[in-house]
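Below you'll find the structure, written out as structure tokens, and then a few comments.
Just so it is clear, the structure is predicted and the values come from calculations on it, not from any experiment.
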Amino acid sequence: MKKINYDKETDILIIEFSEKPIEYAEEEGPIIIHFAKDDEPVLLEIQGGKEFILNTFICMINEKEVVLP
């Protein structure tokens with residue numbers, strides 16, 4: 001089951017792709033990807049979720065690339 005959740009207090013956007021157990025995670029700036037044992041992405045955690053979503057909309061409206069902090 002896919003789920004999207006936003007925590008206002010921590011400003012973290014979480015997108016869950018699978019309910020498989022998480023084996024490990026890789027971090028790239030404000031984005032953390034959690035993987036299952038078979039290397040399948042399970043969960044995407046975006047720190048600074050509000051800014052990420054706003055930048056995504058700006059990118060779409062202006063049809064230009066936005067660089068993440």
**Prompt:** Is there a donor-acceptor pair under 3.5 Å between the side chain of D11 and the backbone N or O of Q47?
**Reply:** no
**Item:** ILVMFWY network linking F17 to I12, side-chain heavy atoms under 4.5 angstrom
**Value:** no
**Fill in**
Applying side-chain contact (heavy atoms from CB on, under 4.5 Å) to I4 and not counting sequence neighbours gives L13, I15
**Request:** Could you pull out all residues at least two apart from D38 that satisfy side-chain contact (heavy atoms from CB on, under 4.5 Å)?
**Result:** K20, A36, E40
Pairs under 3.5 angstrom only: tabulate donor-acceptor contacts from the side chains of residues 22-31 to other protein residues two or more places apart or in another chain.
| unit_1 | atom_1 | unit_2 | atom_2 | d |
| --- | --- | --- | --- | --- |
| Y24 | OH | D39 | OD1 | 2.7 |

**Message:** Between L43 and F52, is there shared hydrophobic-cluster membership here, with clusters defined by ILVMFWY side-chain heavy atoms closer than 4.5 Å?
**Reply:** no
**Request:** Find out if a path of hydrophobic residues (ILVMFWY) with successive side-chain heavy-atom gaps under 4.5 Å connects I33 to Y6.
**Result:** yes
**Message:** Taking the side chain as everything from C-beta on, heavy atoms only, tell me whether I14 gets closer than 4.5 Å to D7.
**Reply:** no
**Item:** Shortest non-hydrogen separation from S18 to P41 and the atoms involved
**Value:** CB-O, 4.5 Å
**Request:** Begin with the C-alpha distance, continue with both residues' side-chain angles, and end with the deciding distance and a verdict on side-chain contact (heavy atoms from CB on, under 4.5 Å) for H34 and E45.
**Result:** CA-CA 8 Å; H34 301 262; E45 180 179 339; 3.0 Å; yes
